[in-house]
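Below is one structure, written out as structure tokens; the observations come after it.
Just so it is clear, the model here is predicted, and its values are computed rather than measured. Just so we're on the same page: letters track the sequence lines, and every chain starts at 1. Below, all heavy atoms of this structure are taken into account, side chains as well, without hydrogens, waters or symmetry copies.
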Amino acid sequence: MHDRFADKLLQWYDSHGRHDLPWHHNRNAYRVWVSEIMLQQTQVTTVIPYFEAFMERFPDVHALAEAPVDDVLSHWSGLGYYARARNLQKAAQTVVQDFAGEFPQTQEELESLTGIGRSTAAAILAQAFGIRAAILDGNVKRVLARYHAIPGWPGQTAVLNQLWHRAEEHTPEQRVRDYTQGIMDLGAMVCTRSRPACESCPLQEGCTAYAQNETSLYPGSKPKKAKPEKTTWMVIIEDGEGRILLERRPPSGIWGGLWSLPELDPAYGADELQEACEQSLGLDCGEPELISGFRHTFSHYHLHIQPARLNVTGRANTVADSDHLKWLHRHEALNLGLPAPIRSLLTEPEQAALL
DNA sequence: AATTCGTGGAT
DNA sequence: TATCCAAGAAT
């Protein structure tokens with residue numbers, strides 16, 4: 001079936017699409033792959049500076065495969081969803097070891113690499129190799145849900161299956177690279193979440209939601225749930241030389257593998273922090289100085305962070321440097337993979353308190 | 001199928 | 001200020 005959808009989209013893309021994003025230059029599978037992983041659930045404007053710095057430090061798959069994991073995480077610090085960074089390096093090592101450093105060119109082999117799912121694999125095939133494959137990211141979901149007036153939330157399997165069917169249907173044999181970029185650009189620039197620019201849309205003629213004047217109904221929104229509230233102490237413990245104690249997070253779970261401040265059970269009162277430091281960390285500390293607390297919001301819960309500063313009075317090395325505990329100067333700590341609010345706390349404690 | 005996993009832009 | 005939700009994947 002000859003699909004006018006793709007023809008109109010491609011014509012629009014030629015004159016109105018984005019042709020000079022950083023990963024469009026020196027295009028190769030590695031750069032396309034890294035950009036696609038960074039762009040998962042993350043806006044383009046946020047990704048650009050991270051992508052530039054990452055490519056400077058890890059210019060190819062070998063550099064990434066050989067790097068210390070802390071170096072990789074530090075380049076991801078602030079970007080969120082840190083499993084992406086850990087998976088990225090694992091996949092780089094797989095590409096080097098199992099694929100002789102060359103990215104595979106089949107959907108199945110790409111999806112075998114951790115962190116690469118159906119849509120990302122298709123994006124790599126199309127963008128890097130010009131192989132026909134259908135993508136279905138947030139932009140495409142929005143465009144297709146409106147064009148075909150597909151009701152329901154795309155998180156539901158039945159809705160998602162319909163969207164995938166339409167995505168496959170519209171993807172052309174020719175110019176898949178431009179088509180793939182073009183449909184994402186259309187979603188980002190014209191078929192936007194709110195107030196879409198339907199008057200300048202090349203697909204207006206066939207769009208069912210537009211014909212019904214109901215673009216705002218598509219795609220269906222996610223059912224909302226109240227986010228639980230959690231609380232924690234975070235302690236900035238300094239030794240006599242002005243070094244701070246940092247603790248590595250467990251490999252899985254929130255902020256997995258990142259370095260953070262030691263946390264103490266919120267059941268402790270402010271007047272029990274010295275005792276808590278002694279019990280949890282084996283450190284003798286002086287009077288705590290409380291910093292204003294603030295709330296950090298994750299995708300699925302709120303965290304009240306109550307920071308406190310304490311100085312070590314006894315011997316700081318009762319806590320030895322290890323794989324999960326380190327004494328570091330502030331500027332050394334800032335070179336690690338730190339969660340955003342902890343980086344903020346260590347950089348501008350008073351500013352962080354205002355968040 | 002439903003949860004988990006971050007952060008910040010946009011409104 | 002609060003809410004939604006981004007170039008999703010793993011479990």
Determine whether a donor-acceptor pair (N or O, by modelled atom type, separation under 3.5 Å) exists between the side chain of [X] and the backbone of [Y].
| X | Y | result |
| --- | --- | --- |
| Q274(A) | D284(A) | no |
| E332(A) | H329(A) | yes |
| H75(A) | V72(A) | no |
| R86(A) | S252(A) | no |
| R132(A) | Q174(A) | no |

Applying a 4.0 Å non-hydrogen cut-off, can you work out what [X] is touching in the nucleic acid: base, sugar-phosphate, or nothing?
| X | value |
| --- | --- |
| K225(A) | sugar-phosphate |
| L160(A) | nothing |
| W23(A) | base |

Under the rule for side chain to side chain contact (heavy atoms under 4.5 Å, CB included), what residues qualify as partners of [X], not counting sequence neighbours?
| X | value |
| --- | --- |
| E241(A) | D239(A), R243(A) |
| D265(A) | A267(A), Y268(A) |
| E56(A) | none |
| H324(A) | R248(A), S322(A) |

For residues 136-155 of chain A, run the donor-acceptor check on the side chains, cut-off 3.5 Å, and write out each pair with its distance to 0.1 Å, sequence neighbours left out.
from, atom 1, to, atom 2, distance (Å)
D137(A), OD1, N139(A), N, 3.3
D137(A), OD1, V140(A), N, 3.0
N139(A), OD1, R142(A), NH2, 2.9
N139(A), OD1, A188(A), N, 3.4
R142(A), NE, C191(A), O, 2.7
R142(A), NH2, G187(A), O, 2.7
R146(A), NE, T215(A), O, 3.1
R146(A), NE, Y218(A), O, 3.0
R146(A), NH1, T192(A), O, 2.8
R146(A), NH2, T192(A), O, 3.2
R146(A), NH2, R193(A), O, 3.1
H148(A), NE2, H170(A), NE2, 2.8

Modelled atom types, side-chain donor and acceptor of E247(A) and S260(A), under 3.5 Å: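 There is no such pair between these side chains.
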
Residue-phosphate contact under 4.0 Å: H300(A) side-chain N/O, dC5(B) OP1/OP2: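 Checking dC5(B) against H300(A), a side-chain N or O does come within under 4.0 Å of OP1 or OP2.
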
Any H296(A) side-chain nitrogen or oxygen under 4.0 Å from OP1 or OP2 of dT7(B):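 Checking H296(A) against dT7(B): at least one side-chain N or O falls below 4.0 Å of OP1 or OP2.
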
C1'-based separation of dA6(C) from dC5(B) [nearest Å]: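 It comes out at 14 Å once rounded to the nearest Å.
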
dG6(B) versus dC4(C) - spacing of their C1' atoms, nearest Å: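 About 15 Å, rounded to a whole number of Å.
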
Can you list, by residue number, the residues of [range] that have a non-hydrogen atom closer than 4.0 angstrom to DNA chain B?
| range | answer |
| --- | --- |
| residues 33-61 of chain A | Q41(A), T42(A), Q43(A) |
| residues 183-195 of chain A | R193(A), S194(A) |
| residues 110-140 of chain A | none |

Residues within residues 72-90 of chain A bordering DNA chain C, heavy-atom distance below 4.0 Å: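 DNA chain C contact set from residues 72-90 of chain A: none.
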
Span of DNA chain C in contact with chain A (heavy atoms, under 4.0 Å):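 In short, chain A contacts DNA chain C from dC4(C) to dA10(C).
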
R343(A): partners by side chain to side chain donor-acceptor pair (under 3.5 Å), with sequence neighbours left out: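 Per chain and number, R343(A) pairs via side chain to side chain donor-acceptor pair (under 3.5 Å) with S77(A).
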
Sequence-distant partners of T120(A), side chain to side chain donor-acceptor pair (under 3.5 Å), two or more places apart: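 Here the qualifying residues are Q40(A).
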
Flag side-chain contact, heavy atom, 4.5 Å: F103(A) against E109(A):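 No - every pair of side-chain heavy atoms lies 4.5 Å or more apart.
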
